[in-house]
Number of protein chains: 2
Amino acid sequence: MVLREKSLFSTRAEYGVRLMMLLARQYGDGPLPLARVAEIEELPLSYLEQLAAPLRRDGLIRSQRGAQGGYELARAPEFITMGEVVRSLEGPIMPMMCAPEDEAHATCVRGEFCSAQVLWSRIRDAVTGVLDTTKLSDLASPLAGRDTPGERTPLLTINSRLEAAR
Amino acid sequence: MVLREKSLFSTRAEYGVRLMMLLARQYGDGPLPLARVAEIEELPLSYLEQLAAPLRRDGLIRSQRGAQGGYELARAPEFITMGEVVRSLEGPIMPMMCAPEDEAHATCVRGEFCSAQVLWSRIRDAVTGVLDTTKLSDLASPLAGRDTPGERTPLLTINSRLEAAR
DNA sequence: ACCAATTCCGACCTCCTCAGTCGGATATAG
DNA sequence: CTATATCCGACTGAGGAGGTCGGAATTGGT
């Protein structure tokens with residue numbers, strides 16, 4: 001779809017996070033169908049379906065099947081960390097084979113001689129640190145992180161802004 | 001070669017860092033040929049040659065061609081950051097297309113609406129933070145990062161330890 | 001002068017993952 | 001009943017990761 005150089009995470013995390021943020025804004029207003037998400041975020045519906053599956057299995061979102069159905073957050077946005085979201089979509093965070101999250105079974109063949117491992121572990125910890133301390137509620141407002149406190153922004157607002165943009 | 005799940009960086013960074021650490025231990029004792037490195041680290045020589053090229057172009061290592069030649073660090077280990085090494089091998093650090101190191105040309109099509117961007121930027125900063133504050137000298141000793149101050153360990157020691165290991 | 005050891009360079013190749021697509025089955029509100 | 005959803009599994013095309021290979025250029029040792 002887009003031209004894509006190498007990047008630390010894949011589109012699964014990217015799209016999945018965008019999906020979750022949309023659900024966060026919608027939280028409390030009933031389920032949102034993926035077709036709407038696909039439309040708003042301009043993402044392929046069939047791909048989104050693939051991303052919703054693990055999120056649901058991991059208890060981050062709830063589904064309502066059938067007409068008027070869709071997905072909604074299983075918990076309030078302030079109780080969902082980005083770490084849960086990203087791990088659900090991408091699996092455990094490891095910057096390198098020899099530095100898995102589960103330090104127990106590092107697959108580093110070279111064992112004690114691999115002192116580079118220290119570096120990769122530090123990086124992994126830095127990444128998971130951000131991921132685990134950032135909650136969905138920290139990002140869900142379009143103004144969040146932009147040095148403005150930012151009140152809640154309903155979907156309606158976002159839609160009209162998208163209209164205006166094209 | 002090895003089975004390889006998804007990981008934040010590729011083998012280029014992994015092998016390249018190991019190469020640099022070996023050169024760091026050898027620093028001041030003349031050039032080390034890649035054939036030796038390949039032997040010690042059990043890595044394919046022809047692939048190492050590929051990794052040495054950018055490191056040399058970026059002025060991190062110096063080469064000496066011909067017999068008795070090899071590579072050596074262009075500067076002392078305490079003046080080379082892991083950020084320089086990794087960037088030389090892998091290019092700019094971006095966890096996601098919409099959060100490049102050069103914040104100027106973010107290729108995020110959705111512009112201001114992409115509030116997820118905040119997350120990816122934070123992660124990028126966390127990673128580059130570690131990378132840019134860790135120097136080659138911080139890792140070069142096999143004891144470094146293992147809560148022991150760690151004196152300099154010559155190659156000879158490492159070799160004999162490798163012998164013993166198999 | 002020669003040879004062996006090196007770096008240097010570019011082309012090539014193979015497999016696996018990413019980023020989807022597709023077809024259909026199942027559930028449910030109106 | 002039907003339109004709208006989720007759900008599930010199989011399939012696929014392109015591209016990058018992770019190398020390999022052949023040869024040219026450079027240099028120290030004898």
Side-chain angles (χ1 to χ4, degrees), chain A residues 1-19 23 26 30-39 41-58 60-72 74 89-91 94-97, chain B residues 1-19 23 26 30-39 41-58 60-72 74 89-91 94-97:
Chain A
M1 179 187 180
V2 218
L3 102 160
R4 169 157 293 277
E5 300 177 47
K6 92 186 111 252
S7 58
L8 291 185
F9 296 116
S10 67
T11 52
R12 289 179 65 87
E14 183 183 346
Y15 299 173
V17 164
R18 277 159 64 182
L19 163 63
L23 294 185
Q26 173 78 0
L32 189 66
L34 287 189
R36 288 285 293 121
V37 177
E39 191 187 340
E41 295 287 334
E42 298 173 276
L43 297 175
L45 169 60
S46 44
Y47 194 38
L48 278 176
E49 288 178 346
Q50 263 190 43
L51 305 185
L55 291 170
R56 186 180 59 83
R57 273 193 288 273
D58 292 337
L60 297 174
I61 59 180
R62 259 195 307 262
S63 65
Q64 168 72 35
R65 299 177 70 159
Q68 262 65 288
Y71 289 94
E72 60 190 338
L89 294 160
E90 301 251 9
M94 49 178 159
M96 203 52 72
M97 291 305 288
Chain B
M1 178 187 180
V2 218
L3 101 161
R4 168 156 294 276
E5 300 175 47
K6 95 188 103 242
S7 57
L8 291 184
F9 296 115
S10 68
T11 52
R12 289 178 66 86
E14 183 185 345
Y15 299 173
V17 165
R18 277 159 65 183
L19 163 63
L23 294 185
Q26 173 78 1
L32 187 66
L34 287 188
R36 290 284 293 120
V37 177
E39 191 187 340
E41 295 288 334
E42 297 173 275
L43 297 175
L45 168 61
S46 42
Y47 194 37
L48 277 175
E49 288 178 347
Q50 263 189 44
L51 304 185
L55 291 170
R56 185 179 61 83
R57 273 193 287 273
D58 291 337
L60 297 175
I61 59 180
R62 258 196 307 262
S63 65
Q64 168 72 33
R65 297 177 72 160
Q68 264 63 291
Y71 290 94
E72 59 190 336
L89 293 160
E90 302 252 10
M94 49 178 157
M96 202 53 73
M97 291 305 288

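Chain naming here is simple, since letters A, B, ... match the order of the sequence lines and numbering starts at 1 in each.
B/Y47 OH to B/L51 CG: the interatomic distance, rounded to the nearest 0.5 Å, is 5.5 Å. To the nearest 0.5 Å, atom CZ of residue A/R36 and atom CG of residue A/L48 are 13.0 Å apart. One finds the CD atom of A/E90 at 8.0 Å from the OG1 atom of A/T11 (value rounded to the nearest 0.5 Å).
Close to C/dA29, at under 4.0 Å from its OP1 or OP2, lies a side-chain N or O of A/Q64. The phosphate of C/dC8 has OP1 or OP2 within less than 4.0 Å of a side-chain N or O from B/S63. Taking side-chain N and O atoms only, A/S10 has a distance below 4.0 Å to OP1 or OP2 of C/dA19. When the side-chain nitrogen and oxygen atoms of A/T11 are compared with OP1 and OP2 of C/dA19, one or more of them lie within a distance under 4.0 Å.
Shown here are the side-chain contact (heavy atoms from CB on, under 4.5 Å) partners of A/Q68, two or more places apart in sequence or in another chain: there are none.
For B/L89 and D/dA17, the CG to C1' distance is 14 Å, given to the nearest whole Å. Following rounding to the nearest Å, B/L32 (CG) and C/dT6 (C1') show an atom-to-atom distance of 12 Å. Atom CG in A/L34 sits roughly 9 Å away from atom C1' in D/dA5 (whole-Å rounding). As a whole-Å value, the separation of B/F9 CZ from D/dA17 P is 13 Å. A straight line from CD of B/Q68 to P of D/dG29 spans 5 Å, rounded to a whole angstrom. Distance CZ (B/R56) to C1' (C/dT6): 13 Å, rounded to an integer number of Å. Atoms CZ (B/R62) and C1' (C/dC8) sit 18 Å apart, rounded to a whole Å. At whole-Å resolution of the value, CG in B/L48 and P in C/dT6 are 14 Å apart.
In this structure, A/P31 and A/Q26 approach most closely via the heavy-atom pair O-NE2, 4.2 Å. When every heavy atom of A/S63 is checked against every heavy atom of A/R56, the shortest pair comes out as OG-CD, 3.4 Å.
Among the nucleotides D/dT27, C/dT7, C/dC9, the one closest to any side-chain atom of B/R57 is C/dC9. The side chain of A/Y15 has C/dG20 as its nearest neighbour among C/dC8, D/dT6, C/dG20. Between D/dT6, C/dA5, C/dC18, one nucleotide has an atom nearer to the side chain of B/A67 than all others, and that is C/dA5.
Between A/R18 and the choices A/V37, A/L43, A/L23, the side chain to side chain contact (heavy atoms under 4.5 Å, CB included) rule is met once, by A/L43.
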Point to revise | Base versus backbone protein contacts along nucleotides 21-26 of chain C [heavy-atom cut-off under 4.0 Å; B, S, -] | key: B----B

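The 5' end of DNA chain C is approached more closely, in terms of each residue's nearest nucleotide, by B/A35 than by the other of B/A35 and B/A53.
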